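Have a look at the structure below, then the notes.
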Amino acid sequence: MSELKNNERNLGTQEYVFLKGSTNPTTAIDRFKQVIKRTFSKELFVGLKVVFLQMAKGPKSWHTVKYPQEKLPISPRYRAVHKLLRLLESGNERCIGCGLCEKICISKCIRMETRYSENQRKEVSEYTINLGRCIFCGFCAEVCPELAIVHGSRYENASEQRAHFVLKDDMLTPIEMLKNQNEFPGFGALSDDADKKVKKTPLAY
Ligand code: SF4
Ligand code: SF4
(Lines give C-alpha, C1' and ligand atoms only; values in the text may rest on other atoms or scores of the structure.)
(Ligands and ions follow the chains in the order given, each with its own letter.)
Protein backbone atom coordinates (compact mmCIF):
# COMPACT_ATOMS: atom_id res chain seq x y z
CA MET A 1 0.00 0.00 0.00
CA SER A 2 1.49 3.24 -1.07
CA GLU A 3 1.94 5.81 1.63
CA LEU A 4 -0.63 8.63 1.50
CA LYS A 5 0.65 12.10 1.24
CA ASN A 6 -0.39 14.38 4.02
CA ASN A 7 -2.74 16.43 1.87
CA GLU A 8 -4.45 13.27 0.51
CA ARG A 9 -5.48 11.85 3.86
CA ASN A 10 -9.19 11.52 4.32
CA LEU A 11 -9.94 13.05 7.67
CA GLY A 12 -13.66 12.36 7.25
CA THR A 13 -15.95 14.44 9.40
CA GLN A 14 -13.34 14.87 12.12
CA GLU A 15 -13.07 18.47 13.20
CA TYR A 16 -10.98 20.39 15.61
CA VAL A 17 -12.53 20.85 19.02
CA PHE A 18 -11.98 24.25 20.49
CA LEU A 19 -11.98 24.34 24.27
CA LYS A 20 -13.39 27.33 25.93
CA GLY A 21 -10.71 28.81 28.14
CA SER A 22 -11.39 30.95 31.13
CA THR A 23 -11.22 34.63 30.57
CA ASN A 24 -9.24 36.89 32.80
CA PRO A 25 -11.46 38.76 35.27
CA THR A 26 -11.70 42.40 34.48
CA THR A 27 -13.41 43.83 37.57
CA ALA A 28 -12.19 43.77 41.16
CA ILE A 29 -15.13 41.71 42.35
CA ASP A 30 -14.51 39.10 39.65
CA ARG A 31 -10.85 38.91 40.66
CA PHE A 32 -11.86 38.45 44.29
CA LYS A 33 -14.26 35.65 43.34
CA GLN A 34 -11.54 33.92 41.33
CA VAL A 35 -9.13 34.04 44.28
CA ILE A 36 -11.73 32.57 46.64
CA LYS A 37 -12.64 29.86 44.14
CA ARG A 38 -9.02 28.85 43.58
CA THR A 39 -8.06 29.02 47.28
CA PHE A 40 -10.88 26.85 48.50
CA SER A 41 -11.10 24.37 45.65
CA LYS A 42 -12.12 20.88 46.68
CA GLU A 43 -8.68 19.42 45.81
CA LEU A 44 -7.28 21.37 48.75
CA PHE A 45 -9.56 19.54 51.16
CA VAL A 46 -8.83 16.18 49.56
CA GLY A 47 -5.11 16.79 50.18
CA LEU A 48 -5.70 17.94 53.74
CA LYS A 49 -7.82 14.86 54.41
CA VAL A 50 -4.99 12.56 53.27
CA VAL A 51 -2.46 14.44 55.43
CA PHE A 52 -4.61 14.37 58.57
CA LEU A 53 -5.45 10.69 58.10
CA GLN A 54 -1.73 9.86 57.93
CA MET A 55 -1.01 12.04 60.97
CA ALA A 56 -3.74 10.29 62.93
CA LYS A 57 -2.12 6.91 62.26
CA GLY A 58 0.96 8.01 64.22
CA PRO A 59 4.70 7.44 63.73
CA LYS A 60 4.24 3.81 62.67
CA SER A 61 2.79 4.96 59.36
CA TRP A 62 5.66 7.33 58.59
CA HIS A 63 7.77 6.38 55.61
CA THR A 64 10.56 8.88 56.11
CA VAL A 65 13.50 9.02 58.49
CA LYS A 66 14.91 12.10 60.14
CA TYR A 67 18.26 12.11 58.44
CA PRO A 68 20.96 12.71 59.70
CA GLN A 69 19.70 11.90 63.22
CA GLU A 70 18.23 8.66 61.87
CA LYS A 71 19.83 6.53 59.22
CA LEU A 72 18.57 3.55 57.33
CA PRO A 73 20.53 0.34 57.84
CA ILE A 74 22.83 -0.51 54.96
CA SER A 75 23.97 -3.87 53.73
CA PRO A 76 27.20 -5.22 55.25
CA ARG A 77 28.43 -5.62 51.67
CA TYR A 78 27.90 -1.92 50.95
CA ARG A 79 30.98 -0.30 49.43
CA ALA A 80 31.53 2.99 51.28
CA VAL A 81 34.71 4.77 52.36
CA HIS A 82 37.66 2.45 52.77
CA LYS A 83 39.20 1.29 56.02
CA LEU A 84 42.66 -0.06 56.66
CA LEU A 85 42.53 -2.86 59.20
CA ARG A 86 44.98 -4.09 61.80
CA LEU A 87 45.72 -7.60 62.94
CA LEU A 88 43.47 -8.41 65.88
CA GLU A 89 46.14 -10.16 67.93
CA SER A 90 49.16 -7.89 67.60
CA GLY A 91 47.63 -4.61 66.48
CA ASN A 92 50.12 -4.42 63.61
CA GLU A 93 48.96 -3.04 60.32
CA ARG A 94 47.76 -5.74 57.98
CA CYS A 95 48.95 -4.06 54.83
CA ILE A 96 52.19 -5.60 53.60
CA GLY A 97 52.75 -3.06 50.85
CA CYS A 98 52.38 -5.56 48.03
CA GLY A 99 50.88 -2.89 45.78
CA LEU A 100 48.17 -5.08 44.25
CA CYS A 101 45.43 -2.62 45.17
CA GLU A 102 47.35 0.23 43.59
CA LYS A 103 47.85 -1.74 40.38
CA ILE A 104 44.29 -2.97 39.99
CA CYS A 105 42.65 0.38 40.76
CA ILE A 106 40.96 1.42 37.53
CA SER A 107 40.68 5.05 38.60
CA LYS A 108 44.36 5.22 39.50
CA CYS A 109 43.43 6.89 42.76
CA ILE A 110 45.53 4.85 45.21
CA ARG A 111 48.99 6.10 46.02
CA MET A 112 51.31 4.36 48.45
CA GLU A 113 54.88 4.58 49.57
CA THR A 114 56.85 1.86 51.26
CA ARG A 115 60.13 1.80 53.13
CA TYR A 116 62.25 -0.54 55.20
CA SER A 117 61.60 -0.45 58.91
CA GLU A 118 64.30 -0.66 61.60
CA ASN A 119 63.95 -4.45 61.46
CA GLN A 120 64.50 -4.39 57.70
CA ARG A 121 60.87 -5.29 57.13
CA LYS A 122 58.84 -3.60 54.44
CA GLU A 123 56.29 -1.19 55.85
CA VAL A 124 53.82 1.24 54.32
CA SER A 125 54.71 4.81 55.14
CA GLU A 126 51.99 6.53 53.12
CA TYR A 127 48.71 5.26 51.76
CA THR A 128 46.13 7.62 50.25
CA ILE A 129 42.97 7.18 48.23
CA ASN A 130 41.71 10.13 46.26
CA LEU A 131 38.01 9.80 47.00
CA GLY A 132 37.24 12.46 44.41
CA ARG A 133 38.25 9.94 41.76
CA CYS A 134 37.38 6.63 43.39
CA ILE A 135 34.33 4.96 41.88
CA PHE A 136 33.95 2.50 44.78
CA CYS A 137 34.21 -0.49 42.47
CA GLY A 138 35.62 -2.67 45.24
CA PHE A 139 38.49 -4.14 43.19
CA CYS A 140 41.11 -3.03 45.73
CA ALA A 141 39.28 -4.77 48.57
CA GLU A 142 38.73 -7.90 46.53
CA VAL A 143 42.33 -8.24 45.42
CA CYS A 144 43.95 -7.55 48.80
CA PRO A 145 45.51 -10.81 50.03
CA GLU A 146 45.70 -9.64 53.65
CA LEU A 147 42.18 -8.30 54.27
CA ALA A 148 43.94 -5.01 54.90
CA ILE A 149 41.89 -2.65 52.77
CA VAL A 150 38.14 -3.07 53.02
CA HIS A 151 35.06 -0.96 52.42
CA GLY A 152 33.57 0.39 55.62
CA SER A 153 30.09 1.75 56.11
CA ARG A 154 30.83 5.49 56.28
CA TYR A 155 29.21 6.94 53.19
CA GLU A 156 29.17 10.63 54.13
CA ASN A 157 32.43 11.83 52.70
CA ALA A 158 31.66 15.39 51.70
CA SER A 159 34.43 17.82 52.40
CA GLU A 160 35.26 21.43 51.76
CA GLN A 161 38.73 20.53 50.60
CA ARG A 162 40.08 17.65 48.59
CA ALA A 163 42.98 17.54 51.00
CA HIS A 164 40.58 16.17 53.60
CA PHE A 165 39.89 13.13 51.51
CA VAL A 166 41.22 10.00 53.00
CA LEU A 167 44.76 9.78 54.23
CA LYS A 168 46.24 6.70 55.77
CA ASP A 169 45.62 7.87 59.33
CA ASP A 170 41.93 8.48 58.60
CA MET A 171 41.44 4.96 57.31
CA LEU A 172 43.57 3.03 59.74
CA THR A 173 41.76 1.50 62.70
CA PRO A 174 42.78 3.53 65.78
CA ILE A 175 44.83 1.34 68.09
CA GLU A 176 42.53 2.11 71.04
CA MET A 177 39.57 0.81 69.02
CA LEU A 178 41.24 -2.49 68.34
CA LYS A 179 39.79 -4.25 71.36
CA ASN A 180 36.33 -3.59 69.92
CA GLN A 181 37.21 -4.82 66.47
CA ASN A 182 35.78 -8.13 65.42
CA GLU A 183 36.83 -9.90 62.28
CA PHE A 184 35.55 -7.66 59.51
CA PRO A 185 32.37 -9.08 57.92
CA GLY A 186 31.75 -6.51 55.16
CA PHE A 187 32.97 -5.98 51.62
CA GLY A 188 36.50 -7.27 51.21
CA ALA A 189 36.11 -10.08 53.77
CA LEU A 190 36.16 -13.70 52.68
CA SER A 191 32.76 -15.29 52.15
CA ASP A 192 31.76 -18.27 54.30
CA ASP A 193 32.20 -20.68 51.41
CA ALA A 194 35.52 -19.21 50.22
CA ASP A 195 37.45 -22.44 50.88
CA LYS A 196 35.18 -24.35 48.52
CA LYS A 197 35.72 -21.82 45.77
CA VAL A 198 39.53 -21.86 45.94
CA LYS A 199 41.10 -23.66 43.00
CA LYS A 200 43.96 -25.69 44.35
CA THR A 201 47.20 -25.47 42.39
CA PRO A 202 47.91 -28.83 40.75
CA LEU A 203 51.11 -30.42 42.02
CA ALA A 204 52.09 -31.98 38.72
CA TYR A 205 52.50 -29.57 35.83
S1 SF4 B 1 37.20 1.10 45.02
FE2 SF4 B 1 37.93 0.87 42.90
S3 SF4 B 1 38.33 2.96 42.22
FE4 SF4 B 1 38.18 3.05 44.47
S5 SF4 B 1 40.28 2.82 45.20
FE6 SF4 B 1 39.41 0.76 45.12
S7 SF4 B 1 39.97 -0.08 43.08
FE8 SF4 B 1 40.27 2.18 43.05
S1 SF4 C 1 46.14 -2.88 51.03
FE2 SF4 C 1 46.30 -5.07 50.55
S3 SF4 C 1 46.60 -5.13 48.29
FE4 SF4 C 1 47.03 -3.03 48.98
S5 SF4 C 1 49.26 -2.98 49.30
FE6 SF4 C 1 48.29 -3.44 51.29
S7 SF4 C 1 48.27 -5.69 51.40
FE8 SF4 C 1 48.65 -5.16 49.25
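From a predicted model like this one, the values you see are computed outputs, not experimental measurements. We count residues from 1, following the sequence as given. Note that ligands are numbered from 1 as they come in the structure, with each ligand's atoms numbered from 1 the same way.
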Around atom [atom1] of [X], are there more than 12 heavy atoms from other residues, nucleotides or ligands closer than 6.0 Å?
{"X": "Tyr155", "atom1": "OH", "answer": "yes"}
{"X": "Tyr116", "atom1": "OH", "answer": "no"}
{"X": "Glu118", "atom1": "CD", "answer": "no"}

Applying a 4.0 Å heavy-atom criterion (strictly less than), which segment of Met112 is in contact with ligand 2: side chain, backbone, both, or neither?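 The side chain, only.
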Are the side chains of [Y] and [X] in contact, using a 4.5 Å heavy-atom criterion?
{"X": "Glu156", "Y": "Lys71", "value": "yes"}
{"X": "Ile149", "Y": "Tyr127", "value": "yes"}
{"X": "Phe136", "Y": "Leu131", "value": "yes"}
{"X": "Val51", "Y": "Met55", "value": "yes"}

Protein heavy-atom partner closest to [atom] - residue, atom, separation in Å:
{"atom": "atom 4 (Fe) of ligand 2", "result": "Cys101 SG, 2.2 Å"}
{"atom": "atom 2 (Fe) of ligand 2", "result": "Cys144 SG, 2.3 Å"}
{"atom": "atom 6 (Fe) of ligand 2", "result": "Cys95 SG, 2.3 Å"}
{"atom": "atom 5 (S) of ligand 2", "result": "Gly99 N, 3.2 Å"}
{"atom": "atom 8 (Fe) of ligand 2", "result": "Cys98 SG, 2.2 Å"}
{"atom": "atom 1 (S) of ligand 2", "result": "Ile149 CG2, 3.6 Å"}

Relative to Phe187, does Arg79 satisfy both conditions: NZ or CZ under 6.0 angstrom from the six-membered ring centre, and within 45 degrees of the ring's axis?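 Flagged: Arg79 positioned over aromatic ring of Phe187.
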Positive for side chain to side chain contact (heavy atoms under 4.5 Å, CB included) with Cys95, one of Val124, Leu147, Thr114: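 Output: one option passes, namely Val124.
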Are Glu123 and Arg115 close enough for a salt bridge, meaning some N to O gap below 4.0 Å?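 The answer is yes: the pair qualifies as a salt bridge.
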Mind listing the protein N/O/S atoms less than 2.8 Å away from atom 4 (Fe) of ligand 1? Waters don't count.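 Per the 2.8 Å query on atom 4 (Fe) of ligand 1, atoms found are Cys134 SG.
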If we only consider heavy atoms of Ile96, is any one of them less than 4.0 Å away from an atom in ligand 2?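 It does, in that a heavy atom of Ile96 comes within the 4.0 Å cut-off of ligand 2.
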May I ask you to list the atoms of ligand 1 that are less than 4.0 angstrom from any heavy atom of His151?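 In order of number, 1 (S).
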